[in-house]
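To keep things clear, I will list the structure first and then write my remarks on it.
For clarity, every value in this text was computed on a predicted model and none was experimentally measured.
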Amino acid sequence: MITFEDIQNDKNIKVYITEADSALKALGYTEHSFAHVTKVALLAGEILETLSFDKRHIELAKIAGFLHDIGNLINRHNHALSGAQMAFRILDHLDMPPEDVAMIVSATGNHDEDTGFPVNSIAAALILADKSDVRRSRVRNTDIPSFDIHDRVNYSVEKSQLIINKDKTEITLFLDIDTSLSSIMDYFEIFLDRMVLCRKAAEVLNLKFNLIINGQTIM
């Protein structure tokens with residue numbers, strides 16, 4: 001069976017991720033390379049593991065997380081859909097069982113807030129992991145005065161944690177934001193649609209989604 005480690009070590013996939021991130025760098029976007037996709041992969045798996053999903057679902061969530069942004073190689077616009085098509089071709093050529101391919105492709109194609117929906121547990125875990133990866137180290141621009149709102153918001157996040165409570169009834173995104181760099185309203189201006197999608201994803205996993213910024217409950 002194809003494992004997350006197999007996907008991580010696949011030389012072709014590494015090229016696609018590298019070149020997809022290079023395209024986004026040229027467009028001025030934040031980091032979408034191995035740091036991002038690996039973090040998303042591991043967190044998506046951790047979410048399902050915490051909720052006592054079986055090992056195969058956990059493995060598929062990790063694979064979906066690692067592959068979810070390869071569509072940026074083709075174009076940022078509709079990258080979730082083109083990425084799903086790329087993922088299908090890659091996994092099919094690796095002779096992954098069609099049932100597993102279907103789950104991963106559905107998750108990859110539905111992770112973006114513009115067109116996506118948490119159609120299954122893997123998609124839900126992927127959405128939560130992806131949208132919670134807001135951090136200073138993703139900002140490429142080193143000239144603070146020239147920051148756009150995306151740079152400013154990401155750079156202002158000093159700490160980000162996604163935590164499921166002990167009763168497994170709630171999942172909370174805790175953010176510490178330097179408000180001298182970005183206001184909480186700035187965060188909502190660019191991330192509101194993502195947070196709404198996180199709430200829907202949490203519901204699929206029978207969880208309530210909370211957002212706490214600087215100790216204050218926002219959602």
Side-chain angles (χ1 to χ4, degrees), residues 17 20-44 46-47 65-66 68-69 71-72 75-80 83 110-118 123-165 170-203 207-219:
I17 292 173
D21 184 57
S22 294
L24 291 182
K25 182 178 181 180
L27 291 168
Y29 280 83
T30 54
E31 178 267 325
H32 284 69
S33 191
F34 295 101
H36 172 62
V37 299
T38 302
K39 181 173 183 177
V40 170
L42 295 177
L43 184 53
E46 182 182 320
I47 290 169
F66 199 73
H68 80 281
D69 269 341
N72 287 301
N75 198 292
R76 178 62 181 173
H77 185 64
N78 284 333
H79 75 280
N110 277 282
H111 82 271
D112 187 67
E113 61 272 14
D114 290 336
T115 57
F117 188 85
L126 170 57
I127 288 166
L128 288 163
D130 180 39
K131 306 315 173 189
S132 64
D133 188 20
V134 187
R135 51 187 161 83
R136 178 168 294 184
S137 56
R138 292 190 70 185
V139 178
R140 307 181 204 263
N141 184 3
T142 58
D143 182 23
I144 294 177
S146 70
F147 278 0
D148 63 14
I149 188 171
H150 291 84
D151 289 337
R152 197 166 66 246
V153 168
N154 278 278
Y155 195 81
S156 72
V157 177
E158 298 175 329
K159 187 177 181 180
S160 172
Q161 286 184 297
L162 188 66
I163 298 175
I164 297 175
N165 67 344
E170 298 184 358
I171 185 166
T172 303
L173 176 59
F174 294 91
L175 296 176
D176 289 342
I177 292 179
D178 182 347
T179 54
S180 70
L181 294 169
S182 174
S183 70
I184 293 175
M185 286 303 297
D186 283 341
Y187 180 88
F188 266 94
E189 182 177 341
I190 64 172
F191 287 150
L192 179 58
D193 289 345
R194 301 183 191 185
M195 296 301 97
V196 171
L197 186 58
C198 282
R199 185 171 61 191
K200 293 176 182 177
E203 290 171 355
L207 299 169
K208 177 187 175 185
F209 177 73
N210 302 309
L211 173 63
I212 297 179
I213 302 179
N214 293 353
Q216 296 185 345
T217 300
I218 308 298
M219 292 180 67

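- Side-chain N or O atoms of Asn154 include one that pairs as donor or acceptor with a backbone N or O of His150 at under 3.5 Å.
- Note that CD of Glu189 and CD1 of Ile184 are 14.0 Å apart. Values are rounded to the nearest 0.5 Å.
- At a threshold of 4.5 Å between non-hydrogen side-chain atoms, the residues Leu197 and Pro118 count as touching.
- The shortest heavy-atom contact between Ala125 and Ile47 is O-CD1, 3.8 Å.
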Side chain to side chain contact (heavy atoms under 4.5 Å, CB included) between Leu181 and Phe147, intermediate numbers included
CA-CA 10 Å; Leu181 294 169; Phe147 278 0; 6.0 Å; no
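- Contact record, Ile177 with Ser182: CG2-O, 3.6 Å, taken as the closest heavy-atom pair.
- Between Ile190 and Arg194, the closest heavy-atom pair is O-NE, 4.2 Å.
- No side-chain heavy atom of Phe34 sits less than 4.5 Å from a side-chain heavy atom of Asp21.
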Please step through side chain to side chain contact (heavy atoms under 4.5 Å, CB included) for the pair His79 and Leu24, ending with a clear verdict.
CA-CA 11 Å; His79 75 280; Leu24 291 182; over 6 Å; no
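- In this model, no donor atom of one side chain and acceptor atom of the other lie less than 3.5 Å apart for Thr179 and Asn214.
- Screening Lys25, Arg140, Arg135, Lys39 against Glu31 for a salt bridge (Lys or Arg N to Asp or Glu O under 4.0 Å) leaves a single residue, Arg135.
- Note: Leu175 CG to Gln161 CD = 10.0 Å, rounded to the nearest 0.5 Å.
- Considering every non-hydrogen atom in both Val157 and Val134, the closest pair reads CG1-O, 3.4 Å.
- Aromatic rings from His68 and His32 are positioned such that their centres are separated by 6.0 Å or more.
- Contact detail for Ala41 and Phe66: the closest heavy-atom pair is CB-N, 3.7 Å.
- At least one donor-acceptor pair under 3.5 Å links the side chain of Ser160 to the backbone N or O of Ser132.
- Sorted by first and then second residue, the salt bridge (charged side-chain N to carboxylate O under 4.0 Å, His left out) pairs involving residues 171-187 (not counting sequence neighbours) are Arg152-Asp186.
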Stepwise side chain to side chain contact (heavy atoms under 4.5 Å, CB included) test for Asp69 and Ile17
CA-CA 7 Å; Asp69 269 341; Ile17 292 173; over 6 Å; no
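- For Phe191, the ring pair (Phe, Tyr, Trp, His ring centres under 6.0 Å) partners at least two apart in sequence or on another chain are Tyr187.
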Begin with the C-alpha distance, continue with both residues' side-chain angles, and end with the deciding distance and a verdict on side chain to side chain contact (heavy atoms under 4.5 Å, CB included) for Lys131 and His111.
CA-CA 9 Å; Lys131 306 315 173 189; His111 82 271; 4.1 Å; yes
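- Note that CG of Asn141 and OG1 of Thr30 are 11.5 Å apart. Values are rounded to the nearest 0.5 Å.
- Between the CG atom of Leu207 and the CD1 atom of Ile164 there is a distance of 5.5 Å, given to the nearest 0.5 Å.
- We find the CG-CG distance between Asp193 and Asp114 to be 7.0 Å, quoted to the nearest 0.5 Å.
- The backbone N or O of Phe117 sits less than 3.5 Å from a side-chain atom of Asn110, completing a donor-acceptor pair.
- Here the closest heavy-atom approach between residue Asn72 and residue Ala23 is recorded as O-CB, 3.9 Å.
- With 3.5 Å as the limit, one finds a donor-acceptor pair spanning the side chains of Asn210 and Glu170.
- Interatomic distance, Leu211 CG to Leu162 CG, rounded to the nearest 0.5 Å: 10.5 Å.
- Side-chain atoms of His36 and Val40, non-hydrogen and from C-beta on, do get closer than 4.5 Å to each other.
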